[in-house]
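The next block holds one structure in the form of structure tokens; read it before the comments.
In what follows, chains carry the letters A, B, and so on, assigned in the order in which the sequence lines appear, proteins first and then strands, with residues in each chain numbered from 1.
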There are 2 protein chains.
Amino acid sequence: MGQDDVCAPGTARTALSTELTSAVNRLQRRLRAQRGDVEIGEGQIAVLMTLKHHGAMSPGALADHERVSAPAMTRAVNALAELGLVAKLEHPTDRRQVLVELSERGAAEVGTVRRRRDQWLAGQLRSLTTDERATLAAATELMTRIANG
Amino acid sequence: MGQDDVCAPGTARTALSTELTSAVNRLQRRLRAQRGDVEIGEGQIAVLMTLKHHGAMSPGALADHERVSAPAMTRAVNALAELGLVAKLEHPTDRRQVLVELSERGAAEVGTVRRRRDQWLAGQLRSLTTDERATLAAATELMTRIANG
DNA sequence: TATTGTTATACTCTATAACTATA
DNA sequence: TATAGTTATAGAGTATAACAATA
């Protein structure tokens, strides 16, 4: 039982905000449960991808970018440094700051780690129509805008 | 800094699965942070709404419906019972089972609690175009399908 | 004084495994 | 034996507050 029993969204007289919240919560829970033995957490993967796109950044800048607290970012960066995927460097002029940069191994492995994390969802998306994927792509942009707005 | 600095999704040569995962994670984090002093958690609100739609159910059926583990549902139901929003009843024929039903107060307050939780997101959605909201509504359905599939 | 990063601490949510009661 | 629910325990992820070093 259960999955056949779920209310189709839009059926009830429920607001979009409620349904969207519910969908986001459920999908995130499913993604976390489905994620196999990826050895590092979501937030840490996000840090690797950000560093790949933007180059070396300070922990504070990373925390702003990912919209998490500074302590949460300290922990994520330390975990990645212990795995040898990033390195913490002294800032050239401001000795309070730290620069976090991808290590060679981090740069080599970020793609692999990301693909392994996304494997299940990518499979689910393959069974959608082209139009449905386009809808999700557009919604992805909107959700990111809302999350960062 | 930070929010102006985020990569526009679809800009990079990144797979939809990656962008969707990232968007869902970020939006959920933002929704949690933005949620004011709603006195009960996400999962508990979901239980109240399910009971409102479906009537009394057993904890096991609720766990299946919400796709969480049985212990997680036990905790959610107990928390709601302590607040007087649900009642736990004996099953008429099977004494192993429990029936969870909305209390009068629970039925009266579920709408209020939900609206307070959704207040921020509803405001964000109001600033979108009609087309954009339609996109999100369609995507909500797709995400729910994927989460439950 | 203000800023950057870290440590200390605590809370929420979730899961698996072991247990109890009933069927 | 099998099922429904609970308890025990542990882990991930996050936050706020207090602190240290530097500007």
Side-chain angles (χ1 to χ4, degrees), chain A residues 1-2 21 24-47 56-82 86 88-100 117 147, chain B residues 1-2 21 24-47 56-82 86 88-100 117 147:
Chain A
M1 102 173 62
T21 298
V24 165
N25 284 328
R26 281 192 185 180
L27 183 52
Q28 211 227 15
R29 200 156 51 219
R30 183 66 187 265
L31 287 172
R32 177 153 28 83
Q34 206 67 35
R35 190 159 65 100
D37 294 341
V38 182
E39 55 287 331
I40 65 180
E42 284 299 333
Q44 294 164 38
I45 294 178
V47 169
M57 298 172 72
S58 73
L62 282 165
D64 279 351
H65 187 266
E66 303 301 326
R67 293 188 158 266
V68 297
S69 65
M73 189 50 69
T74 292
R75 291 192 55 171
V77 166
N78 285 343
L80 290 171
E82 265 182 40
V86 304
K88 294 168 80 168
L89 310 175
E90 285 179 8
H91 186 102
T93 63
D94 184 342
R95 284 171 51 195
R96 292 172 305 181
Q97 286 194 51
V98 172
L99 272 180
V100 185
R117 179 196 66 171
Chain B
M1 100 171 67
T21 298
V24 164
N25 283 328
R26 280 193 189 178
L27 183 53
Q28 211 226 15
R29 202 153 49 218
R30 182 67 186 265
L31 287 171
R32 177 156 25 87
Q34 206 67 35
R35 191 159 64 100
D37 292 342
V38 182
E39 55 286 332
I40 65 180
E42 285 298 334
Q44 294 164 38
I45 294 177
V47 168
M57 297 171 73
S58 71
L62 282 166
D64 279 351
H65 188 266
E66 303 302 325
R67 294 190 157 266
V68 297
S69 65
M73 189 50 69
T74 292
R75 293 195 54 174
V77 167
N78 286 343
L80 290 170
E82 265 181 41
V86 304
K88 292 166 83 168
L89 309 176
E90 285 179 7
H91 186 101
T93 63
D94 184 341
R95 286 170 51 195
R96 292 171 305 180
Q97 286 193 50
V98 173
L99 272 180
V100 185
R117 179 196 67 170

Given side chains that start at C-beta, do those of Gln28(B) and Arg32(B) come closer than 4.5 Å, heavy atoms only? yes

Test your reading of the model: is there a side-chain donor-acceptor pair from Arg29(A) to the backbone of Glu66(B), 3.5 Å cut-off? yes

Rounded interatomic separation in angstrom, taking NZ from Lys88(A) and C1' from dT4(C): 12 Å

Can you tell if the side chain of Leu99(B) reaches within under 4.5 Å of the side chain of Glu90(B), non-hydrogen atoms only? no

Atom-pair distance (CZ on Arg96(B); P on dC19(C)), nearest Å: 20 Å

Would you mind reading off the distance between Glu39(A) atom CD and dG11(D) atom P, rounded to a whole angstrom? 18 Å

Quick one: on DNA chain D, does Arg95(A) or Gln97(B) contact a more 5' nucleotide (nearest heavy atom)? Gln97(B)

Pick the nucleotide of DNA chain C nearest each of Arg75(A) and Leu99(A); which residue has the one closer to the 5' end? Leu99(A)

Let me know the distance between CG of Asp94(A) and P of dT3(C), rounded to the nearest Å. 12 Å

Please determine whether the number of non-hydrogen atoms from other residues, nucleotides or ligands lying under 6.0 Å from atom CD of Glu82(B) exceeds 12. no

Let me know the distance between CZ of Arg35(B) and P of dC11(C), rounded to the nearest Å. 16 Å

Looking at Arg75(A), I'd like to know if its CZ atom is crowded, meaning that more than 12 non-hydrogen atoms belonging to other residues, nucleotides or ligands lie closer than 6.0 Å. no

Give Pro71(A) one of three labels, base, sugar-phosphate or nothing, depending on what nucleic acid heavy atoms sit under 4.0 Å from its own. base

Calculate the interatomic distance between His91(B) atom NE2 and dT22(C) atom P; express it in whole Å. 14 Å

Looking at every non-hydrogen atom in both residues, tell me the closest pair between Ser69(A) and Ala63(A) and how far apart they are. O-CB, 4.0 Å

CG of Leu62(B) versus P of dT6(D): gap in Å, rounded? 11 Å

Looking across every strand, which nucleic acid part, if any, lies under 4.0 Å from Arg29(A) by heavy atom: base, sugar-phosphate, or nothing? sugar-phosphate

Determine the minimum heavy-atom distance between Leu62(B) and Met57(B), stating which atoms define it. CD2-SD, 3.8 Å

Let me know the distance between CZ of Arg32(B) and P of dT16(D), rounded to the nearest Å. 11 Å

For the helix from dT1(C)-dA23(D) to dA23(C)-dT1(D), what is the angle between the axes at its two ends, each from 5 pairs, rounded to 10°? 20°

Given dT7(C), dT6(D), dA15(C), which nucleotide is nearest the side-chain atoms of Thr74(A)? dT7(C)

